[in-house]
Amino acid sequence: MSTSTFVQPGSGSTGPVNTSGNARPRPGPSFFRVLNSEFIKFRTLLSTLILLASTAVVMVGFGALSAWGTGQFADAAASDPSAAEAMAAQGGDLAVTVPTSGIAFAQLILGSLGVLLMSSEFTTGMARSTFAAVPKRIPAFLAKLVVVMVSAFLLTAVSTYIAGLVSVPILDNYGLKLDLGSAQSVKLLLVNSVYVASVAAIGMAMGTLVRNSAGGIMSLVGLFFVAPIAFQLIPGEFFEEARKYLPGNTINPLTAVEHVPDTLEAWQAALVLGAWVVVPLVLAMVLLKKRDV
C-alpha cells in the first residue's frame, strides 16, 4: 500500500513525499553532463597527458627521420642503378608518405590509451563510482568512446601535419618536394587519423572485455602486430587470404593511390575495419550491462 507524507510549511519542500519505498530510480545525468565529466577525467590524468605527448613526439620525430632517410635514398638512386630500380619499384611519390611514418607507433600508444581508459576503471575500483552516478552504464561507456576517438583523431591529424612541416625543409635539401595541400597528402592525413581513432576504439573494447590493463594491451599488440606476422609465416592459402582481413592490414588499401594486387579494395577495407570496430564495441557494451562491477 502506498502512503504519502505531507511536509510542514517552511521546510523547504512542498507537496507529498512518497514513502512507500517503491519509487522509481532516477535515470541519471544527461549524456552531455556525462561526456563533460569523462572529458575532465581524461584531461586531468597525468598518465593520459604523457601518452598524448609521447604520441606527438614520436610522430614528429619519425617524420623527420623518414624525411632524412628518403632523401638519402634519393641521393643513392641518382648514382646507383640498383638503388634507382628499387626506388622505381616503390611507385608513387615517396615524399608524400613521410609525414605518416609514425602511424604504427601512434596506433600502439593510442590503442593502449583506449585499453587503459576502461581497464583502469575496474582495476582501481572507480567503476563503482562511475556506474553509481550513471546506472545505465552505456552512456558512460559511449562518453569515454567519444572522448578517446575524438582525441586520437585530432592528435593524429595535428601531429601528422606538424611532421609534414618539419619534413618539408629536410626534403628540400635533397631536391624532393612535399606539398601538404595536395589531394593525396590530405587523404593520407584524414584516413590515417580515422584509422588510429578506430584502433583506439578497439583498444577500449579490449579493455572492457578483459578488464585488465596488461591483458588488454597484449591482446591489442597480438591483433595488430603479432597476428599479421604469424599469418604470413604459416603456409597455406587460408592464412594468406585471412591475413587481408586483419585490422592492421586495412590501412594500405585505404591509402593507396591505385589498387595494390593481392589486397582488398578500398571499400572492402573500409567495411572490414568498420566491422572490427563495431563488433567488439557491441560485445563490450552487452557484457558491461550484464557483468557485476
Inset, instruction - Enumerate the residue pairs fulfilling side-chain hydrogen bond (donor to acceptor under 3.5 Å, both in side chains) with a member in residues 138-149, sequence neighbours excluded, ordered by first and then second residue. - result: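 Counting only pairs at least two positions apart or across chains, the side-chain hydrogen bond (donor to acceptor under 3.5 Å, both in side chains) contacts touching residues 138-149 are E38-K144, E121-K144.
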Inset, instruction - Given side-chain hydrogen bond (donor to acceptor under 3.5 Å, both in side chains), test S66 with S101 step by step and report yes or no. - result: CA-CA 7 Å; S66 178; S101 301; 2.8 Å; yes
Nearest atoms (heavy-atom pairs only) where [X] meets [Y]:
X    : Y    : answer
D179 : S185 : O-OG, 2.8 Å
A64  : V166 : CB-CG1, 3.9 Å
A143 : V34  : CB-CG1, 3.8 Å
S167 : V98  : OG-CG1, 3.4 Å
P253 : L264 : CB-O, 3.3 Å
G71  : L176 : CA-CD1, 4.1 Å

Are [X] and [Y] side-chain neighbours, meaning at least one heavy-atom pair lies under 4.5 Å?
X    : Y    : answer
I103 : T100 : yes
Q107 : F225 : yes
T160 : M59  : yes
K136 : F131 : no

Looking at [Y], is its backbone amide N or carbonyl O close enough to the side chain of [X] to form a donor-acceptor pair, meaning the two atoms are under 3.5 Å apart?
X    : Y    : value
N36  : F32  : no
W276 : L271 : no
Q184 : T255 : yes
S193 : A157 : yes
T70  : A67  : no
R211 : T123 : no

Inset, instruction - Using the rule that two of Ile, Leu, Val, Met, Phe, Trp, Tyr join whenever any of their side-chain heavy atoms come within less than 4.5 Å, decide whether V147 and L49 are in one cluster. - result: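 No, it is not one cluster - the side chains of V147 and L49 are not joined through contacts under 4.5 Å.
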Legend entry - Co-membership, hydrophobic cluster, residues V58 and L154, 4.5 Å side-chain: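 Looking at the clustering, L154 is in the same group as V58.
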Inset, instruction - Would you please name every residue forming a salt bridge (Lys or Arg N to Asp or Glu O under 4.0 Å) with E265, sequence neighbours left out? - result: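 Testing E265 for salt bridge (Lys or Arg N to Asp or Glu O under 4.0 Å), a comparison that skips the adjacent residues, returns none.
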Legend entry - Residues R243, E240: salt bridge by 4.0 Å N-O rule: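 No.
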Could you tell me whether [X] atom [atom1] has more than 12 heavy atoms of other residues or ligands within 6.0 Å of it?
X    : atom1 : answer
Y174 : OH    : yes
R33  : CZ    : no
M218 : CE    : no
F42  : CZ    : yes
Y161 : OH    : no

Inset, instruction - Under the side-chain contact (heavy atoms from CB on, under 4.5 Å) rule, what do F224 and I202 come out as? Steps first, then yes or no, please. - result: CA-CA 11 Å; F224 282 90; I202 295 173; 3.8 Å; yes
Legend entry - Connected-component partners of L46 among ILVMFWY, side-chain separation under 4.5 Å: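 In the cluster with L46 are I50.
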Legend entry - Candidate pair L254 and L273, rule side-chain contact (heavy atoms from CB on, under 4.5 Å), full reasoning: CA-CA 10 Å; L254 289 171; L273 181 60; 4.3 Å; yes
Inset, instruction - Nearest 0.5 Å please: distance from the CG atom of L209 over to the CG atom of L288. - result: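 Reported value, rounded in 0.5 Å steps: 9.5 Å.
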Inset, instruction - Verify side-chain contact (heavy atoms from CB on, under 4.5 Å) between V186 and L180, making sure each step is shown before the conclusion. - result: CA-CA 7 Å; V186 174; L180 297 177; over 6 Å; no
Legend entry - Name of the residue among V148, L51, L155 meeting side chain to side chain contact (heavy atoms under 4.5 Å, CB included) with L110: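 For L110, the side chain to side chain contact (heavy atoms under 4.5 Å, CB included) test succeeds with only one of V148, L51, L155, which is L155.
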Inset, instruction - Look at the rings of F239 and F231 and say which category their plane angle falls in: under 30° parallel, 30 to 60° tilted, over 60° perpendicular. - result: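 The arrangement is perpendicular - the two ring planes meet at more than 60°.
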